[in-house]
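Working notes, structure below.
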There are 2 protein chains.
Amino acid sequence: MVKKQRSLQRREESLSRDSIIEASVALLDSGGEDGLTFRALSERLSTGPGAIYWHIADKSDLLTAACDSVVARTIHEIVETTPEETIRAIAAGLFDAISTHPWIGSALTSAPGASPIVRIVESIGQQICQLHVPETHQWTAAGALMAFILGVSSQNAANGQLARRQNLDRTDFLEALSTTWSQLDPEEYPFARSVAGRIRDHDDRADFLAGIDLILMGIESMRLRSQA
Amino acid sequence: MVKKQRSLQRREESLSRDSIIEASVALLDSGGEDGLTFRALSERLSTGPGAIYWHIADKSDLLTAACDSVVARTIHEIVETTPEETIRAIAAGLFDAISTHPWIGSALTSAPGASPIVRIVESIGQQICQLHVPETHQWTAAGALMAFILGVSSQNAANGQLARRQNLDRTDFLEALSTTWSQLDPEEYPFARSVAGRIRDHDDRADFLAGIDLILMGIESMRLRSQA
DNA sequence: ACACTAATGGAACGGGATTCCATTCCCAAG
DNA sequence: CTTGGGAATGGAATCCCGTTCCATTAGTGT
């Protein structure tokens, strides 16, 4: 089943792992997670499902690979400046990538420790090092940042998909959510009611970056504390 | 399709939404996300799939309901002390609940704005209020905490499931991950290599709670800053 | 030219969610 | 006590998915 190394292409327009992944990303982007099926894929590549299995282990392999190709591209585009700024750029880049390709969110959570995750840990970790976080706390800091970035971005992407399923745009969706929350039982849900209004016209991306700053502040005070 | 209100039970051992949800939770707990199928469910309830659809809209409805029942129970068990301590308790409670019922993680991300999420936002938000966070920042703080809690817990649960699929216990799994990371290219992945050792015997739960403290510290400095 | 293997592609299988519908059950009106 | 009708049931049937199987093809070293 493992593909042997081969220096020469066999047919001109042959199937290849890369071309399959490229087509998968296109299908995922246009049709969401359900858009990627081996039937749709084989039709798009004008071949049969069997041929695809020669190059790919199974669907989860395919999903991880598609994910990795997008994550790699995203991280590669980051330009490095100060550590804090670079972390913000990584965060924003991933947030935007997951907004554009909502399927990445769920793909990442079902591929722990795999290639895309390592890329992300690495790019964040390098900045953490430059922030002079003591070695014993580096993993905590990097892990917290990564979890937060993936958690919020995925949640945000899921929101967008839910809205799309109901044929609403973002504004209408938030409007509906805000209305629902404001009609909750005041006894049981005072907080949800009180923030309902703010939900309506908040900016997810800005909130997300505010959260990143919150964590960066926390890392800073942790660093100061451990130096003392 | 909507079930009309009925004050009287029709048959003694009849199907009910609650009994279906209870059975679903049992199936999910014993067999993971794939354990819940309408076939298995109808067999366990000794009925047909059609009967279930009378009480439940579709599978996502079922999953959200199962999720809600566990989340509600978890949050109900929290005993309120100081705001910080209560937030830690909520966080730990959800972390543990998601560890025990790994399927909750993915169920939550695919049900944004729905009942279980509202419960969580509410319980966290009430504590945020008591921390005297200015109203304009309450949503940022509560949202960041929730995203972090769900993000890390889900990731952790996903790790556990991956390990289980490979028939490894947690230690062996971390061992394998650590080894893989330590063999990465030193040029490209210096950070992942350097933390590989620490991964081996780290405590996910402790790291998680450390991350919560990180965010709480951040919230504190935000509060101080906005007061000045 | 031959044989051998990498690669292909389409048919078939098992199992999932969901729908459909004939049937059963219970209450309430006559 | 009968009976009409809606609530509820359960099993068969549908449609689509991932995956496997296998006969066939296309290049390549001999």
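In what follows, chains carry the letters A, B, and so on, assigned in the order in which the sequence lines appear, proteins first and then strands, with residues in each chain numbered from 1.
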Comparing A/Gly50 with A/Leu36, nearest DNA chain D nucleotide closer to 5' gives the residue A/Leu36
The answer to which of A/Thr37 and A/Ala51 contacts DNA chain D further toward the 5' end, by nearest nucleotide, is A/Thr37
Considering only heavy side-chain atoms of A/Thr47, the closest of D/dT19, C/dT8, C/dT19 is C/dT8
Against the side chain of B/Lys59, the closest entry in C/dA17, C/dT8, D/dA12 is C/dA17
request  = May I ask you to say what B/Leu62 touches in the nucleic acid, namely base, sugar-phosphate or nothing, with a heavy-atom cut-off under 4.0 Å?
outcome  = nothing
Quiz item: Hey, does A/Leu45 reach any base, or is it just sugar-phosphate, or nothing, if we go heavy atoms under 4.0 Å?
Solution: nothing
Round to a whole Å and report the spacing from [atom1] of [X] to [atom2] of [N].
{"X": "A/Ile56", "N": "D/dT20", "atom1": "CD1", "atom2": "P", "value": "14 Å"}
{"X": "B/Phe38", "N": "C/dC20", "atom1": "CZ", "atom2": "C1'", "value": "16 Å"}
{"X": "A/Tyr53", "N": "C/dG10", "atom1": "OH", "atom2": "C1'", "value": "14 Å"}
{"X": "B/Leu15", "N": "D/dT9", "atom1": "CG", "atom2": "C1'", "value": "8 Å"}
{"X": "B/Glu43", "N": "C/dG16", "atom1": "CD", "atom2": "C1'", "value": "15 Å"}
{"X": "B/Ile52", "N": "D/dA12", "atom1": "CD1", "atom2": "P", "value": "15 Å"}
{"X": "B/Leu41", "N": "D/dG10", "atom1": "CG", "atom2": "C1'", "value": "13 Å"}
{"X": "A/Ile20", "N": "C/dG9", "atom1": "CD1", "atom2": "C1'", "value": "13 Å"}

Per side-chain contact (heavy atoms from CB on, under 4.5 Å), B/His55 is matched among B/Asp61, B/Ile20, B/Ile21, B/Leu62 by B/Ile20
When rounded to the nearest 0.5 Å, the distance separating CZ of A/Phe191 from CD of B/Gln126 is 9.0 Å
Rounding to 0.5 Å, atoms CG (A/Leu214) and CG (B/Leu214) come to a distance of 9.0 Å
* Phosphate oxygens OP1/OP2 of C/dT8: is one of them under 4.0 Å from a side-chain N or O of A/His55? -> yes
Margin query: Is A/Trp54 close enough to C/dT8 that one of its side-chain N or O atoms is under 4.0 Å from OP1 or OP2 there?
Written below: no
- Query: Taking 4.0 angstrom as the limit, do A/Arg205 and A/Asp96 come out as a salt bridge?
  - Reply: yes
inquiry  = Tell me whether the side-chain N or O atoms of B/Arg39 pair up with the base of C/dG15 as donor and acceptor below 3.5 Å, since no angle test is needed here.
reply    = no
So, the side chain of A/Ser182 versus the backbone of A/Ser178: is there a donor-acceptor pair under 3.5 Å, distance only?
yes
